[in-house]
Protein chains: 2
Amino acid sequence: MILETKARTILIADDEPDILEIISFNLQSQGYHSICANNGIEAIELAKIHKPDLIILDVMMPGKSGFEVCKFLRALPEFENTIIIFLTALNDDSTQIKGLETGGDDYITKPISPKVLISRVNALFRRITKETGSILQIGDLAIDREKYVVTLNNEEIILARKEFELLALLASKPAKVFLRNEILNKVWGSDVIVGDRTIDVHIRKIRQKLGDDCITTVKGVGYKFQM
Amino acid sequence: MILETKARTILIADDEPDILEIISFNLQSQGYHSICANNGIEAIELAKIHKPDLIILDVMMPGKSGFEVCKFLRALPEFENTIIIFLTALNDDSTQIKGLETGGDDYITKPISPKVLISRVNALFRRITKETGSILQIGDLAIDREKYVVTLNNEEIILARKEFELLALLASKPAKVFLRNEILNKVWGSDVIVGDRTIDVHIRKIRQKLGDDCITTVKGVGYKFQM
DNA sequence: TCTGAATATTAATAAATTGTAAACAAACCA
DNA sequence: TGGTTTGTTTACAATTTATTAATATTCAGA
C-alpha cells in the first residue's frame with residue numbers, strides 16, 4: 001500500500017478531452033502517474049479508488065463543478081491533505097479567491113502552459129516532502145522503501161511486509177502520533193476490516209526486533225515513533 | 001478546533017514604496033505582522049533579524065534581484081523551509097518557471113490585487129500548517145496536538161487523553177471562560193453523560209501537573225486558562 | 001459571620017485500552 | 001505438495017485512565 005506511492009499519482013478532471021490529454025502527457029513525461037476524469041462525479045470516484053497525491057480540477061464542468069468536488073473531497077478525512085489545483089478560464093479575482101478559500105492550493109488560469117503547470121506541481125510537491133531519495137534515515141535506523149530493507153547500525157533487520165509498512169508509516173513523521181484509525185487506513189486500507197488487536201501484535205513484533213523504545217504508546221490515542 | 005494564536009511575520013521586499021505600503025497595510029489588516037525592505041540586501045538583513053514565516057520578493061530590484069535573494073536565503077538552513085512568494089511585472093512563462101524552480105512557492109504577476117495576494121498567502125500557510133503541524137504556545141507552555149506532547153519550560157509533562165484534550169481546549173483561547181456545558185460538549189461529546197464532579201477531577205489533575213495557577217475557577221460559570 | 005451552593009479533594013471502583021502468548025489461517029515458495 | 005513464513009484472531013493479563021462517591025473546603029451573599 002505504501003509502496004504504490006513511489007511515483008506520485010495525479011488526478012486530472014476536465015470536460016475537454018484535449019486539455020486532459022495535453023496535461024496528462026506532460027505530467028507523465030515528468031515521471032508522474034496520471035489519471036483522467038471527464039467530469040466532477042468521475043473525479044470523485046477515481047479519487048476514492050486511486051488516492052492521488054494531487055488533484056487538478058477544472059472549475060467549470062457539467063454536473064459537479066470543480067469547487068463542489070473540492071468541497072466534497074476536503075470533507076473526507078482521506079482527502080483533507082491532498083493537494084488540489086484549480087484550472088479555469090475564469091480570470092476574475094473573486095473566483096480565484098473563492099477557489100483558494102474553498103481549499104485549493106493553487107489556481108491557474110487557462111490558457112495554461114504545460115511547463116508552468118508542471119513547475120507549479122513540482123513546487124507544491126517540493127513543499128510537502130523534501131526527503132531525498134527513498135531512504136528514510138532516523139538516527140541509526142535506515143528505512144529503504146524501494147528495496148524494502150531496514151538497517152539498524154548498518155545491520156539488516158528482517159521485517160515482514162506489514163511490519164515494514166507500519167514502521168515506515170510511523171517513521172515518516174517521527175514523534176507524530178498516528179491514530180489507530182489512521183494506521184488502519186494507511187497500512188491496511190480503508191476497506192479492510194481487521195480485529196482490535198491486530199495493530200498491537202504488529203507493533204509488538206517491531207518492538208521485538210528494534211527494541212522496545214522505538215515505538216511509544218500514547219494510550220487512548222495511538223502510537224508514535226521515536227529513535 | 002484548536003486555533004493558532006501566534007501572529008505570522010511576513011517580510012516584503014520591493015523597491016517601490018507604494019507597493020510596499022499597500023501590501024503591508026493589507027497584510028496587517030488580516031492580522032499578520034509585516035516588515036518592509038526596500039531592496040534585496042535589506043531583505044536579507046531583515047530576514048536574518050526577524051526570521052519571517054513568509055517572504056514576498058519583488059523580482060526586479062536594484063542590487064540583488066528577488067531570485068538572487070531567494071537563492072541566497074535558501075542556502076541557509078534557517079530559511080530552507082521559509083515560504084517565498086515572487087512578485088513581478090514580468091509575465092513570461094520562462095521567468096515564472098525560473099522563479100518556481102529557484103525555490104519559490106508561488107509567483108504572482110503585477111498588477112496584483114491585494115485580496116488575491118492575501119488569499120494566496122493564506123493558502124500557503126494553510127498548507128504548511130497541515131504538513132508541519134502547529135504548536136500552541138502560551139508563555140512557557142507549549143501544546144503540540146500532533147505529537148500529543150505538552151511541555152512546560154521545555155520539560156515534558158505527561159497528560160492522559162482527557163486531561164490533554166481539556167487543557168488543549170482551555171488553552172486554545174486563553175482567558176476565555178469555558179462553561180461547564182461547553183467543556184462537556186467539546187471534550188466528552190454531546191451524547192456522553194457523566195457526573196457533575198468529573199470535570200473538577202480532571203481540572204485538578206491538570207493543576208497538579210502544571211501548577212494551581214494555570215486554570216482559574218469562575219464560580220457558577222466555568223473555568224479559564226491563563227499562564 | 002452564618003449559610004447554602006458550588007467546587008475541591010481523595011480514595012475507591014469501574015471502564016477502557018493495550019500487551020502478550022498461543023493457536024489458527026492464509027499466503028508463499030521451493 | 002509440504003513446509004515455512006506471515007497475518008490475524010482469541011483469550012486473558014496487565015495497565016492505565018475515567019468516573020463516582022463521600023467528604024471537605026471555599027466563597028458569595030444575607
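In what follows, chains carry the letters A, B, and so on, assigned in the order in which the sequence lines appear, proteins first and then strands, with residues in each chain numbered from 1. Keep in mind that this is a model prediction, so the values were computed, not measured.
Note on B:Thr217: every side-chain N or O is 4.0 Å or more away from OP1 and OP2 of C:dA6. Residue A:Arg207 places at least one side-chain N or O under 4.0 Å from the OP1 or OP2 atom of C:dG19. B:Tyr223 has no side-chain polar atom (N or O) that falls below the 4.0 Å cut-off from OP1 or OP2 of C:dA6.
Rounding to whole angstrom units, CD1 of residue B:Ile206 and C1' of C:dT9 are separated by 15 Å. Between the CG atom of B:Asp212 and the P atom of C:dT7 there is a distance of 17 Å, given to the nearest Å. In this structure, B:Gln208 places its CD atom 8 Å from P of C:dT9, rounding to the nearest Å. Whole-Å rounding puts the A:Arg180 CZ to C:dT17 P distance at 9 Å. Nucleotide C:dA6 holds its C1' atom 15 Å from the CG atom of B:Leu179, rounded to whole Å.
In this structure, A:Lys224 fails the cation-pi test against B:Tyr148, since its NZ or CZ atom is not both closer than 6.0 Å to the six-membered ring centre and inside 45 degrees of the ring normal. Relative to the six-membered ring of B:Phe178, B:Lys176 meets both conditions, a distance below 6.0 Å and an angle of at most 45° to the axis.
Panel note: side chain B:Arg74, backbone B:Gly104; no donor-acceptor pair is recorded below 3.5 Å. Between the side chain of B:Glu80 and the backbone N or O of B:Thr82 there is no donor-acceptor pair closer than 3.5 Å. Side-chain atoms of A:Asp105 come within 3.5 Å of backbone atoms of A:Ile84 as a donor-acceptor pair (strictly under, hydrogens ignored).
Remark: A:Ser94 engages A:Asp92 in a side-chain hydrogen bond (donor to acceptor under 3.5 Å, both in side chains) (not counting sequence neighbours). Partners of B:Ser34 under the side-chain hydrogen bond (donor to acceptor under 3.5 Å, both in side chains) rule, at least two apart in sequence or in another chain, are B:Ser24, B:Gln28.
Interface limits on DNA chain D: the 5'-most and 3'-most nucleotides within less than 4.0 Å of chain B heavy atoms are D:dT17 to D:dC27.
B:Val187 places a side-chain heavy atom less than 4.5 Å from the side chain of B:Lys162. Counting heavy atoms from C-beta on, the side chains of A:Phe125 and A:Ile83 come closer than 4.5 Å.
Residue B:Glu155 places its CD atom among 12 or fewer non-hydrogen atoms of other residues, nucleotides or ligands, all under 6.0 Å distant.
Shown for residues 192-202 of chain A: residues whose heavy atoms fall under 4.0 angstrom of DNA chain D, namely A:Val194, A:Gly195, A:Arg197, A:Thr198, A:Val201, A:His202.
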Pick out the pairs of N or O atoms, protein on one side and nucleotides 23-30 of chain C on the other, that lie under 3.5 Å.
none

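If you check distances only, the side chain of A:Lys219 does reach the base of C:dT17 with a donor-acceptor pair under 3.5 Å.
Sorted by first and then second residue, the side-chain hydrogen bond (donor to acceptor under 3.5 Å, both in side chains) pairs involving residues 202-212 of chain A (not counting sequence neighbours) are A:Glu163-A:Lys209, A:Arg207-A:Thr217.
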